[in-house]
Engineer: 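Handing you this structure, nothing more for now.
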Amino acid sequence: MIQKVLVVGSGSAGLIAALSLKKKIPRLEVKIVRDPDLGVIGVGEGTTPNFPTHLFDYLGISRGEFYRRAEPTWKLGIRFDWGPRGRFDYTFGRQLDSHWPGLERPVGFYCDDEFSHVDLPAALMREDKVFLRQANGCPDIQPWHAFHIENEKFVEVLESYAAEWGVEITDGKLVSTEQDATGITALVLGDGRRLEADFFVDASGFRSELMGRALEEPFEPFDKTLFCDRAVVGGWERTREPILPYTTAEQMDVGWCWRIEHEHRINRGYVYCSDMISDEEAAAEFRRKNPKAPESPRVVRFRSGAYQRMWVKNVVAIGNAAGFVEPLEATALMVVCSHSRTLIDFLLHCELEPTPSMVALYNEQASEGWKDIRDFLGLHYQLNTAGKTDFWRRCREETDLSGIASLLEFYRENGPTGFCRYRTGRTNSDFGIEGYLVMLVGQQAPYEKRHPATPEETTLWRQRREQLAKAASGGLTVAEALAYIRHPAWEWHGDSRRKAG
Ligand SMILES: Cc1cc2nc3c(=O)[nH]c(=O)nc-3n(C[C@H](O)[C@H](O)[C@H](O)COP(=O)(O)OP(=O)(O)OC[C@H]3O[C@@H](n4cnc5c(N)ncnc54)[C@H](O)[C@@H]3O)c2cc1C
């Protein structure tokens, strides 16, 4: 029976996994070893809604305390400056998988000319507002938001929770492992110390010390679908720029550029394909578009893909040590949270004595989940008809989307109907069918079964969107909402807020 768990790495993956294990299975002894000289990756600031849900609802971390210590800002979705429309917004709400009263078809069939203000979060995004205002003036904070969060600050906050919750962190560099037929029995550190445990979590980032190096599990690259493998990263201190309630993803010559909104800092990074542009050329294009970026932005290398199995013998890999896809949809922390939960469910169900079939099921689910994200991201690239460079031509011609071929065929015949959900793979990510529909409609992917709107429908369509725009324009900006939640009289209750007095 598993009693002692040792986590390698105290980046966000290692800490989230360790805290989740300790919280949900308190009888486990959970320890972390990390190499302070290596540090953490220092990028990874966009999240999806499962991230605040994991922190507050699953782990029971106090919202007030977290907001005070980690200083997140809210993210309602992603603005794509991208594709033939030039711009479209992807929210965490239900934009297209819905049917308005009075309209014969689902919303996506009416978006030929204008795809905006189709739900409240989308309307708020267009108006640069984050939440509606309640009658008393307070922000009406809804659960359909995620966070922008600074990686290093987040790690510091999680470390303080580790200290409070009894998760011990040891400094030391793992240099080798001791193994027997059941898996790893001990880690050997650079100074000769041996750390024993009966279950290990590899959260050592791209180094994948246990899964990749010690156990030599094969890595499956996603390079037939996702061509980008590097980023130049560099932001600047915010001056007068408003804090936007969304991440921006802007099309570039050989990839795309993120803009992430922290309260005092704007973070940008250009994700590109190193086969088709040099680091220097990428940095130059990045600087042309972002004159405030540093002269020599940091280059971060990565590979999109995942280990074939993420649970081998008595080792589970989490975070970048298990797999990574480029950050176009900011999926890494989403996957860390969902894998941590699945691992805990499985451990509890097998009463801390994992069976081979449980391990096989975990691997199957984790692997399918990665492939689902791979295909979803591939769609962003393959559909973009606006990119005129060799890179974008290659994306249109070569991106392997065989994993969702039946969805694309179904859409081509039937258009943006919710029935598309039966042609996607696993849809238990935060994207689901909504994500696919937004990418297809947002990039004007052609389909046959069109619905010409009647004059009555056109009027209804316009009126409803105008109502949403009007409501959203009266909402609060991020700066205004932050001021409210920092007021001494502010109290948090669940996902919505109340102001005392
Ligand atoms: C360009 C880029 C942009 C990204 N953007 C996003 C985003 O917007 N949203 C998102 O969710 N994610 C994003 N990510 C991913 C995100 O940064 C990570 O998934 C997340 O922070 C988790 O990282 P990690 O904990 O797996 O690894 P790391 O932060 O690298 O931590 C690894 C840990 O392992 C330890 N370690 C390594 N080797 C040893 C050893 N031999 N001995 C002891 N300790 C060791 C290190 O000391 C460290 O503590 C991005 C990644 C990249 C590359």
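One-based numbering, in listed order, for ligands and for the atoms of each. These figures come from a predicted structure and were not determined experimentally.
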Engineer: Closer than 4.0 Å to some heavy atom of Ser12 - which atoms of ligand 1 meet that?
Structural biologist: 20 (C), 21 (O), 22 (C), 25 (O)
Engineer: Would you mind listing which atoms of ligand 1 come within a distance below 4.0 Å of any non-hydrogen atom of Leu333?
Structural biologist: 10 (C), 11 (O)
Engineer: Measure from the ring center of Trp74 to the ring center of Phe131 and say whether it is less than 6.0 Å.
Structural biologist: yes
Engineer: May I ask you to decide whether Arg238 forms a salt bridge with Glu263, counting only side-chain N to carboxylate O separations under 4.0 Å?
Structural biologist: no
Engineer: Indicate yes or no: does an N/O atom of Thr331 lie under 3.5 Å from an N/O atom of ligand 1?
Structural biologist: no
Engineer: Taking the six-membered ring where the residue is Trp, are the ring centres of Tyr67 and Phe147 under 6.0 Å apart?
Structural biologist: yes
Engineer: Looking at Glu217 and Met310, would you say the former's side chain and the latter's main chain have a donor-acceptor pair under 3.5 Å?
Structural biologist: no
Engineer: Would you mind running through ligand 1 and noting each atom that sits below 4.0 Å from a heavy atom of Arg207?
Structural biologist: 37 (C), 38 (N)
Engineer: Which one holds for Met334 and ligand 1: side chain close, backbone close, both close, or neither close, with close meaning a heavy atom under 4.0 Å?
Structural biologist: neither
Engineer: Below 4.0 angstrom, N of the basic side chain to O of the carboxylate: do Glu159 and Arg34 qualify?
Structural biologist: yes
Engineer: In chain order, what residues pass the side-chain hydrogen bond (donor to acceptor under 3.5 Å, both in side chains) check against Glu216, with sequence neighbours excluded?
Structural biologist: none
Engineer: If you count the atoms of ligand 1 from 1 in the order shown, which ones are under 4.0 Å from a heavy atom of Val300?
Structural biologist: 53 (C)
Engineer: Report, in ascending order of atom number, the atoms of ligand 1 lying under 4.0 Å from any heavy atom of Lys173.
Structural biologist: 42 (N)
Engineer: Under 3.5 Å between any N/O of Asn320 and any N/O of ligand 1: does that happen in this structure?
Structural biologist: yes
Engineer: Test of understanding: with salt bridge (Lys or Arg N to Asp or Glu O under 4.0 Å), list the residues that count as partners of Glu281, not counting sequence neighbours.
Structural biologist: none
Engineer: Less than 6.0 angstrom from the centroid, inside 45 degrees of the normal: does Arg421 satisfy that with respect to the ring of Tyr436?
Structural biologist: no
Engineer: Considering the heavy atoms of Gly172, write down every atom of ligand 1 situated less than 4.0 Å from one of them.
Structural biologist: 42 (N), 43 (C)
Engineer: Rounded to the nearest 0.5 Å, how far apart are CZ of Arg85 and CZ of Phe80?
Structural biologist: 13.5 Å
Engineer: Taking the non-hydrogen atoms of Phe324, is any one of them nearer than 4.0 angstrom to ligand 1?
Structural biologist: yes
Engineer: Mark up the atoms of ligand 1 that fall under 4.0 Å of a heavy atom belonging to Trp258, in ascending order.
Structural biologist: 1 (C), 3 (C)
Engineer: Under 4.0 Å, heavy-atom basis, I'd like to know which part of Val233 is in contact with ligand 1: side chain, backbone, both or neither.
Structural biologist: neither
Engineer: I need the contact type for Ser204 against ligand 1. Using non-hydrogen atoms and a strict under-4.0 Å cut-off, is it side chain, backbone, both or neither?
Structural biologist: both
Engineer: Counting each atom of ligand 1 from 1 as listed, which ones have a heavy atom of Ala13 under 4.0 Å away?
Structural biologist: 22 (C), 24 (P), 25 (O), 26 (O)
Engineer: Using a 4.0 Å heavy-atom threshold (strictly under), name the region of Pro36 that reaches ligand 1: side chain, backbone, both or neither.
Structural biologist: neither
Engineer: Please state whether Thr47 comes within less than 4.0 angstrom of ligand 1, counting heavy atoms only.
Structural biologist: no
Engineer: For atom 9 (N) of ligand 1, which of Gly46, Ser208, Gly205 has the closest heavy atom?
Structural biologist: Gly46
Engineer: Would you say that Tyr90 contacts Leu76 through its side chain, given a criterion of any heavy-atom pair below 4.5 Å between the two side chains?
Structural biologist: no
Engineer: Using the benzene-type ring in the case of Trp, are the ring centres of Trp256 and Trp392 under 6.0 Å apart?
Structural biologist: no
